[in-house]
Amino acid sequence: MYQWLDERLDLGRLNAKLFRKVFPVHHTFFLGEITLFSFIVLVLTGVFLTLNYEPSTQLVKVEGLTDPVQAAYASILYIDSLPFGAVIRSVHHWSAHIMIAAAFLHLLRILLSGAYKKPRELNWIIGILMLVVTIVVAFLGYALPYDNYAITATRIGHGIAESVPWVGVAVAQIMFGGDFPGSSHNIPRLYSLHVLWMPLVLMGLIGLHLLIMIKQKHTQPKYAEKVAPGKILGVPALPQQGLMSGVLFLVFVAVVFLIGGGFLAHPVEAYGPLSANTPNVKPDWYFLWIYGLLKIIPSSFEFTIPLFNGGKFGPEFWGGVVIPSILLVGAILIPFFSFTEGNVKQRYLELPSRHPRRTSLTIAGLMFLIMCTMAGYIGDPGMEWLTISRAWLLIIVVPIVTYFVSFWIMRAIWGETWQKEPEIELIVGGGQAPRA
Amino acid sequence: MYKNDTIVPFGAILAAAALFLMTYLNTHMRVMESGTVPHLTVGSIGLMAFAMVLFMYGFIGLISNYLEGSEMRPGKHMAPPSSLPMVAGVVLSLLLVGLSGFFARTLVYAAKEGFNPNALQGGVFAAMMFLIALLVVIYMKFFLEQEVMAEADKAEFPW
């Protein structure tokens, strides 16, 4: 059978060129794989959900409920009643959170190890776009259960979209299919964007990301330079790398089903269908930092340009669009502000400790996001101490202090050698892989 | 970043444990304050998401170190033959069959009674997947020839 196929498809050559490709081994590479596996699990569980979900706001009667509810909400109750249905829906929800968290940590790894440098600038940009698209897909799916909590939380995003001067209302109308909530086109529009168009964009970006990664090859752990200088050291794609990825996929499925079964994310029964009562809600955790910015920017921070029917620049626009856009553009431009010595290719992972400025700046950036997230809790019970002025102070001071403290600690530990990568002593010849 | 060490993965597992503990304490305090907790807060969901990623990363990092070592040298390596991995494989396979039957029973129960034991279903399914992962690890460690290669930096694939 193999010979028959090989004579027609030249499988031997495929094996030699693709399946014998060398994959460097380092634990941090698994963060990207976790992101990819989250996407695969999201697609698989999403297929099950689409078979049972009804994207409609038509009112229907549900057994056990006195008042009619929207069909979308009723179909979620139906999915939860199916054997294993609630767990699969919960796994879909958790996988989305895991995908965003893993993509963010993967991005941090790339940043801290200098893997974004030449020749991988394009893949860095594609990676950032993937994170943004992932967040957009997650947001578009948030309102689909059509429960009171999800609709109220989605209104925050709708408000941000509407806040863009001149074009905001039109953009929001296109994305949400009319006024939100209220239009019967809301759910069909969000549904098609969530299950079809945006995932297609994401799939295209993932394919491009992997293709470029295979062409340019991974960066490698630094020790590889002494073992096989100028070469790629690692294990073959098949069977070893494939089996290791299989183990990670199984571990991923095990963890997400254990947590998904034990902690049902977004239990719609607890929130109830859409009603006139507005619950006290917050957006999902990955939007909390923007929500925090919206809370601390004063409502008076607003002006109008009297051109083309007047463009309003309000606090929602500054906090929800301008500041995130500045950070996004800054992140995209990072590779173009760092230069490798002699303009050579970046082959090996850099040690974060040997690049204290970049590492300290990254940690300071993280502190900025954490402080902004904390500002999202202003006014909550137990957070009375956090006033708007204190939040401003924390957001400005903590990242700056963090930068200098972490920079000072790294210089104190590594002293004069902090600018140098470790000395490499070449090993001549090969041998067996030492075991752990 | 210098080699495929165990320090960072181990630290990631500790960080995951700390984040899970933070979520537990957060939820526990809400129970003490209001009596009941109908759902996880967005903050708790975020902490748990990072905890899960860190746990998976740490766990697979340790497995990678166990299977592939911290530094590799070009060559081939095969574990010495032993009957212990085969016995372990048979025992785990039997356990997997038992769990599969039990998982099927939870589905039949849910269909008959109209009640989903979610934690049990998720837990049993997770245990099944974890057992398969363990079987693959045993296969890789004891029955697969470990090969380390050094490839030229210039690649012809895909173009």
Side-chain angles (χ1 to χ4, degrees), chain A residues 17-18 22 25-27 30-31 34 83-84 86-87 97-98 101-102 105 113 211 214-215 217 221-223 227-228 230-233 235-236 239 243-244 246-248 250-255 257-265 267 270 282 284-285 288 349 351 430-436, chain B residues 1-4 8-9 38-40 42-43 45-46 48-50 52-53 55-57 59-61 63-66 68-75 77 107 110-111 114 116 118-119 121-123 125-126 129-130 132-133 136-137 140 144 146-153 155-159:
Chain A
K17 287 192 89 174
L18 178 62
V22 171
V25 172
H26 193 259
H27 47 73
F30 290 116
L31 286 168
I34 292 172
F84 212 40
V87 178
H97 292 293
I98 290 174
L105 291 176
S113 64
L211 190 69
I214 290 172
K215 176 63 189 171
K217 298 179 184 293
K222 191 75 180 167
Y223 83 87
V227 180
K231 290 188 169 184
I232 307 295
L233 181 73
V235 295
L243 281 172
M244 187 55 91
V247 171
L248 176 57
L250 288 163
V251 169
F252 178 92
V253 173
V255 170
F257 271 84
L258 181 71
I259 298 295
F263 302 89
L264 292 182
K282 283 189 175 27
D284 259 334
W285 59 269
L288 266 181
L349 297 171
L351 301 180
Q432 283 193 340
R435 312 315 303 162
Chain B
M1 302 294 177
Y2 184 73
K3 57 186 179 179
N4 192 31
V8 183
H39 57 88
L40 289 171
V42 289
I45 289 175
M48 282 182 71
F50 275 102
M52 281 191 270
V53 175
F55 173 78
M56 286 185 270
Y57 160 62
F59 187 77
I60 198 71
I63 295 276
S64 168
N65 181 273
Y66 171 65
E68 291 160 325
S70 55
E71 288 191 21
M72 298 192 296
R73 304 281 180 269
H77 173 83
L107 296 185
N116 268 315
N118 294 318
Q121 287 172 340
F125 191 76
M129 295 298 114
F130 191 69
I132 300 172
V136 178
V137 169
M140 287 181 75
L144 181 74
Q146 299 283 333
E147 189 177 1
V148 177
M149 297 157 64
E151 186 184 73
D153 195 9
E156 288 178 22
F157 186 86
W159 65 87

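Numbered from 1 within each chain, the chains take letters A, B, ... in sequence-line order.
Looking at Phe252(A), the atoms closer than 4.5 Å to chain B (heavy atoms on both sides) sit in the backbone and in the side chain alike. For chain A, the nearby parts of Leu107(B) are the backbone and the side chain; heavy atoms of each come within less than 4.5 Å. Heavy atoms of Phe130(B) lying under 4.5 Å from chain A belong to its backbone as well as its side chain. Interface remark: Ile34(A) contributes side-chain atoms only to the contact with chain B (heavy atom separation under 4.5 Å). For Ile259(A), the part lying under 4.5 angstrom from a heavy atom of chain B is the side chain only. Residue contact with chain B, scored on non-hydrogen atoms closer than 4.5 Å, involves the side chain of Leu288(A) exclusively. Using a 4.5 Å cut-off between heavy atoms, Met140(B) contacts chain A through its side chain alone, with no backbone atom that close.
Closest heavy-atom contact between Ser64(B) and Met244(A): CA-CE, 3.7 Å. Here the shortest heavy-atom pairing between Val25(A) and Glu68(B) reads CG1-OE1, 3.3 Å. The minimum heavy-atom distance between Ala101(A) and Val53(B), with the atom names listed, is CB-CG2, 4.0 Å. What you find for Glu147(B) and Pro236(A) is that their closest heavy atoms are O-CD, 3.4 Å. Contact record, Val22(A) with Met149(B): CG2-CB, 3.7 Å, taken as the closest heavy-atom pair.
Atoms CG and CD1, on Leu31(A) and Ile60(B) in that order, are 11.5 Å from each other to the nearest 0.5 Å. Taken from CD in Glu71(B) to CG in Leu233(A), the straight-line distance is 9.5 Å, to the nearest 0.5 Å. Rounded to the nearest 0.5 angstrom, Lys217(A) NZ and Glu151(B) CD are separated by 3.5 Å. Residue Tyr2(B) holds its OH atom at 12.5 Å from CG of Leu349(A), rounded to the nearest 0.5 Å. With values rounded to the nearest 0.5 angstrom, Leu243(A) atom CG is found 6.5 Å from Leu144(B) atom CG.
Each of Leu264(A), Asp284(A), Val253(A), Ile98(A) has some count of heavy-atom pairs under 4.5 Å with chain B, and the biggest count is that of Ile98(A). Looking only at heavy-atom pairs under 4.5 Å with chain A, the residue among Val136(B), Asn118(B), Val137(B) that has the most is Asn118(B). Taking Ala119(B), Ala110(B), Gly123(B) one by one and counting their heavy-atom pairs under 4.5 Å with chain A, the maximum is reached by Ala119(B).
In this view, Lys3(B) satisfies the salt bridge (charged side-chain N to carboxylate O under 4.0 Å, His left out) rule with no residue, not counting sequence neighbours. In this structure His26(A) satisfies the side chain to side chain donor-acceptor pair (under 3.5 Å) test together with Thr28(A), sequence neighbours excluded.
Met48(B) places a side-chain heavy atom less than 4.5 Å from the side chain of Phe263(A). Using a 4.5 Å heavy-atom cutoff, the side chains of Asn4(B) and Tyr223(A) are not in contact.
Put simply, the side chain of Asn116(B) gets close to the backbone of Phe84(A): a donor and an acceptor are under 3.5 Å apart.
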